[in-house]
Amino acid sequence: MPRRSLTRRFLATLAAAALALGLAAPLAATAATPTPSPSAGTASPTLAAAPAGNGILRPGETLAVLATLANPGTSTVSAASVSLSIGAAPLTDDAALTRWLSGDASGVTLQQIATGTLDATAPSAQNSVSFTVQGTDPALLGRGAGVYPVLAQTSGGASLQAPTVVVVPAEGASTPLAVVVPITAAPRTGGLLTAKELADLTAVDGALSAQLDAVDGSVATLAVDPAIPAAIRVLGSSAPPTAVAWLKRLLALPNDRFALQFGDADLSAQIRAGVTTPLAPTSLQSYMTAADFTQPVSAVTTPSPSASTAPGQPPFPDLTALLDIGSADQNVFWPATGSVDSSVVGALGALGSDAAPARILVASTNLAGGTATATAAVDGVATPVYDAEVSRALTTAAAENDTALRGSALAAASGHLAFARTGAADRPVLAVLDRGTDRSRVSLRATLGALGSAPGYLPTTFAAIMGAPRTDVSLGEASPDAVRAADVADLLSDEDTIDRFATILDQPELLTGRERAEILQVLNVAWTGDAARTAVADHRSATQTTLDSVGILSSDFRLVSSSAPLRPWVRNDLPWPISVVLRTQPDDVRLRVQADTPIDAQASANTRVEVPVEARIANGEVDVSMQLYSPTGEVIGARQNVQVEVRAEWESIGLIVFIVLVVAFLGIGVLRTVSRRRRARAPEQPEEDDGASREADRVGHS
């Protein structure tokens with residue numbers, strides 16, 4: 001039974017060795033229970049077993065295994081005894097190894113070789129016990145080359161098991177081994193990484209920096225997403241210094257490389273949606289600002305100026321310069337793992353040329369017949385086949401920051417590599433680190449370090465193994481994602497609508513280029529399941545918002561004269577000025593409206609428009625429809641209808657009434673004046689009559 005002091009010394013030795021090599025301690029661990037529930041309160045404890053040295057056990061060496069119990073729950077796990085056992089015979093093949101690691105022990109005979117004790121484990125804590133078995137132990141002596149099952153098992157309290165393996169390497173000629181490592185960022189819906197995102201990713205502890213740190217000094221072939229260098233270059237002089245340094249470092253690395261699709265878009269989904277040539281970015285002009293290119297900047301950020309620059313604009317880098325990843329192999333395609341069938345190979349194979357024939361990376365699980373080999377061909381098209389089991393284990397290891405769980409995957413990878421080498425000694429093996437995010441520097445270096453030191457293998461490059469003679473293989477039927485193919489069709493339909501809408505811009509590529517970049521990012525192979533559906537739905541919603549960003553603002557109108565302008569507004573929420581035509585049409589001949597009114601609307605503003613209107617002699621209500629069109633005749637925005645209340649004769653009637661009133665007032669004034677004068681003269685007449693009578697009387701008397 002191991003002593004506790006021996007445990008401490010063993011762990012210290014492992015840690016010191018890992019630090020000296022710059023690698024994480026290559027300990028293997030396999031959870032023996034299903035994935036815990038997201039609720040920590042109900043999560044079950046797990047046991048992991050980690051053989052030292054990536055599970056490689058050479059004859060005469062000491063077997064060292066670290067068993068770790070993790071308790072994610074809220075209750076303490078009581079102390080338990082732990083036993084370590086090893087299989088009497090090696091596993092037979094890859095399938096037997098996969099079954100064993102999944103917990104299927106059928107057909108396996110085990111021999112106990114060590115015991116130990118795990119102390120009680122507090123909630124959210126771990127406890128470990130180490131086992132060492134000397135190479136002279138009878139249980140290890142005389143073992144031939146092979147992959148041997150190893151099991152750590154608790155008894156008393158929780159009953160847990162942790163299967164793993166150790167590999168006794170075989171002698172013989174070294175087998176060429178190439179590995180492809182993606183240089184990618186996390187999936188996104190925006191067309192390019194922002195300056196802040198780039199600053200974070202290329203910082204000393206950033207994910208992109210970790211990727212370059214891991215491959216630096218290796219012969220790994222890099223699969224680079226060209227959207228990353230493009231995101232740096234479009235920023236010109238405002239690019240974060242760490243991002244510029246990162247790009248310089250990428251271009252300076254001697255590693256072979258090839259470009260992924262922009263945004264690592266899903267190739268198979270595009271082919272199944274009827275796309276004959278994989279989608280590519282069309283323009284990134286909308287991401288560039290003139291102020292960032294007024295002064296000469298590093299050649300890294302502007303490798304070559306665009307031949308066509310708008311008047312008054314600085315020389316922007318062209319699309320080819322923006323997407324440059326350095327000297328790279330052409331026409332290399334890496335569809336999503338497990339998605340390749342003969343239709344995909346046929347479509348992509350047609351894109352090759354005599355100078356640069358197409359090469360399509362295919363997982364061994366896609367084969368229907370033939371030997372999985374890095375130098376395979378399907379119907380004359382080069383289809384380098386990567387070992388799916390090895391690649392899966394390596395990908396898991398690279399994504400694990402927990403030492404024990406990372407070690408589990410590395411031990412499994414060693415076992416699968418041992419089986420991959422059982423064929424012809426000179427048959428090269430290809431492995432990939434599949435796409436992933438948030439991989440730590442330690443995990444990546446540990447994984448690539450395990451590959452570089454795999455016994456019986458000689459690290460080489462992807463390009464080197466492509467020169468070997470090809471072996472014909474046949475592909476099985478992949479399980480196509482019909483929903484994903486439908487997503488591609490929907491996104492392309494929306495893009496056609498955006499292309500027509502963009503004719504309102506002097507530079508339509510400002511909008512169409514952004515739309516294409518975002519579509520490619522939404523089709524990133526890392527988007528899967530519900531997350532993929534959400535990304536597509538969000539993008540389609542954003543596209544509709546763009547289409548609704550230009551419209552008419554108006555209200556009902558009263559026309560009280562024979563001519564007056566309608567004065568609607570044109571709303572433009574786009575960040576660029578637009579040119580549109582406002583077409584108006586009344587539904588009644590009582591109103592004559594100017595049919596077409598050209599408008600230059602300002603960016604992010606509402607622009608007032610005046611549409612001349614002429615009314616004929618009539619009254620009533622007239623509906624006027626208004627619709628915006630692009631200069632090329634494309635319908636823009638929604639149709640608006642306004643009601644115009646026509647009172648066209650009011651002007652004449654008012655004038656007549658005014659004249660009548662004036663005449664009436666004048667007539668009344670004259671009549672009143674005459675009447676007043678007559679009244680003024682009426683009292684004088686009786687006085688004259690009285691005088692005459694008196695004169696007559698006087699004459700009569702005389």
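None of these values were measured; they are calculated from a predicted model.
- Minimum heavy-atom separation, P182 to R439: CG-NH1, 4.1 Å.
- Although no hydrogens or angles enter the test, the distance criterion places no donor-acceptor pair under 3.5 Å between the side chain of Q602 and the main chain of P577.
- In terms of heavy-atom proximity, D324 sits nearest to R233 at O-NH1, 2.8 Å.
- Side-chain atoms of T447 come within 3.5 Å of backbone atoms of S443 as a donor-acceptor pair (strictly under, hydrogens ignored).
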Residues D499, T512; criterion side-chain hydrogen bond (donor to acceptor under 3.5 Å, both in side chains); working and verdict: CA-CA 6 Å; D499 287 349; T512 60; 4.8 Å; no
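- Judged by distance alone, with hydrogens and angles left aside, the side-chain atoms of S364 form a donor-acceptor pair with the main-chain N or O of A388 at under 3.5 Å.
- Under the 3.5 Å distance criterion, with hydrogens and angles disregarded, a donor-acceptor pair is assigned to the side chains of D292 and S238.
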Residues L448, L433; criterion side-chain contact (heavy atoms from CB on, under 4.5 Å); working and verdict: CA-CA 9 Å; L448 292 180; L433 288 186; 4.2 Å; yes
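- Rounding to the nearest 0.5 angstrom, the gap separating the CG atom in N606 from the CG atom in N572 is 8.5 Å.
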Stepwise side-chain contact (heavy atoms from CB on, under 4.5 Å) test for L417 and L177: CA-CA 10 Å; L417 280 169; L177 172 62; 4.3 Å; yes
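- V224 pairs in a side-chain contact (heavy atoms from CB on, under 4.5 Å) with only one of the listed residues (L323, V181, I325), which is I325.
- Between the Q270 side chain and the L279 main chain, a donor and an acceptor come within less than 3.5 Å of each other.
- Between S286 atom OG and L505 atom CG the span is 10.5 Å, to the nearest 0.5 Å.
- Taking CD of Q285 as the reference point, atom CG of L319 lies at 10.5 Å (rounded to 0.5 Å).
- Side chain of D266 to backbone of V525: no donor-acceptor contact under 3.5 angstrom is found.
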Chi angles and distances behind the side-chain contact (heavy atoms from CB on, under 4.5 Å) call for L574, F501: CA-CA 12 Å; L574 295 174; F501 177 80; 4.0 Å; yes
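- With sequence neighbours excluded, the residues forming a salt bridge (Lys or Arg N to Asp or Glu O under 4.0 Å) with D216 are R249, listed by chain and number.
- Taking the ring centre of W527 as origin, the terminal cationic atom of R533 falls outside the region bounded by 6.0 Å and 45° from the ring axis.
- With a 6.0 Å radius and a threshold of 12 heavy atoms from other residues, nucleotides or ligands, D530 has its CG atom at or below the threshold.
- Between D490 and R540 there is a salt bridge, since a side-chain N of the basic residue sits under 4.0 Å from a carboxylate O of the acidic one.
- The line from CD1 of I519 to CG of D487 is 11.5 Å long, rounded to the nearest 0.5 Å.
- Between the side chains of D264 and T184, not a single donor N or O lies within less than 3.5 Å of an accepting N or O.
- For the pair P229 and L322, the minimum side-chain heavy-atom distance is 4.5 Å or more.
- Between F316 and F293, the two ring planes are perpendicular [angle over 60°; tilted spans 30° to 60°].
- Although no hydrogens or angles enter the test, the distance criterion places no donor-acceptor pair under 3.5 Å between the side chain of D329 and the main chain of F258.
- No more than 12 heavy atoms of other residues, nucleotides or ligands sit less than 6.0 Å from atom CG of D506.
- Nearest heavy atoms, N54 versus S453: ND2-OG, 4.2 Å.
- F333 does not carry R359 over the face of its six-membered ring by the limits of under 6.0 Å from the centre and within 45° of the normal.
- Side-chain atoms of N255 come within 3.5 Å of backbone N or O of S218 as a donor-acceptor pair.
- Proximity of L430 to D387: side-chain heavy atoms (C-beta onward) are nowhere separated by under 4.5 Å.
- T545 places a side-chain N or O within donor-acceptor distance of the main-chain N or O of S541, the cut-off being under 3.5 Å.
- No side-chain heavy atom of V432 sits under 4.5 Å from any side-chain heavy atom of V179.
- S579 contributes no side-chain N or O that, together with a main-chain N or O of I504, makes up a donor-acceptor pair within less than 3.5 Å.
- Inter-residue side-chain proximity for L198 and T194 is flagged as unmet; no heavy-atom pair is nearer than 4.5 Å.
- A salt bridge links D573 with R571: at least one charged nitrogen is closer than 4.0 Å to a carboxylate oxygen.
- Summarising the geometry, atom CG belonging to L491 is positioned 11.0 Å from atom CZ belonging to R516; distances are rounded to the nearest 0.5 Å.
- Contact detail for G338 and A363: the closest heavy-atom pair is N-CB, 4.3 Å.
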Derivation of the side-chain contact (heavy atoms from CB on, under 4.5 Å) call for Y386 and T337: CA-CA 10 Å; Y386 54 90; T337 297; 2.9 Å; yes
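- Listed for the T375 side chain is no donor-acceptor partner under 3.5 Å among the backbone atoms of M466.
- Considering only heavy atoms from C-beta on, P278 comes within 4.5 Å of L351 through its side chain.
- For the pair M288 and P317, the minimum side-chain heavy-atom distance is below 4.5 Å.
- Taking the side chain as every heavy atom from C-beta outward, L235 and P240 approach each other to under 4.5 Å.
- The distance from atom CG of L260 to atom CZ of R435, rounded to the nearest 0.5 Å, is 5.5 Å.
- Ion pair E197/R188 flagged as a salt bridge, since at least one NZ, NE, NH1 or NH2 atom sits closer than 4.0 Å to an Asp/Glu carboxylate oxygen.
- The two residues T202 and S209 come nearest to each other via the heavy atoms O-OG, 3.0 Å.
- Heavy atoms only, all atoms of each residue included: L520 and A265 are closest at O-CB, 3.6 Å.
- No side-chain heavy atom of I271 sits less than 4.5 Å from a side-chain heavy atom of V275.
- Note on D200 versus K196: salt bridge recorded, some NZ/NE/NH1/NH2 to OD/OE distance being below 4.0 Å.
- Remark: the Q544 side chain and the H539 side chain contain no N/O donor-acceptor pair separated by less than 3.5 Å.
- In this structure, a donor-acceptor pair under 3.5 Å is absent between the side chains of S549 and T546.
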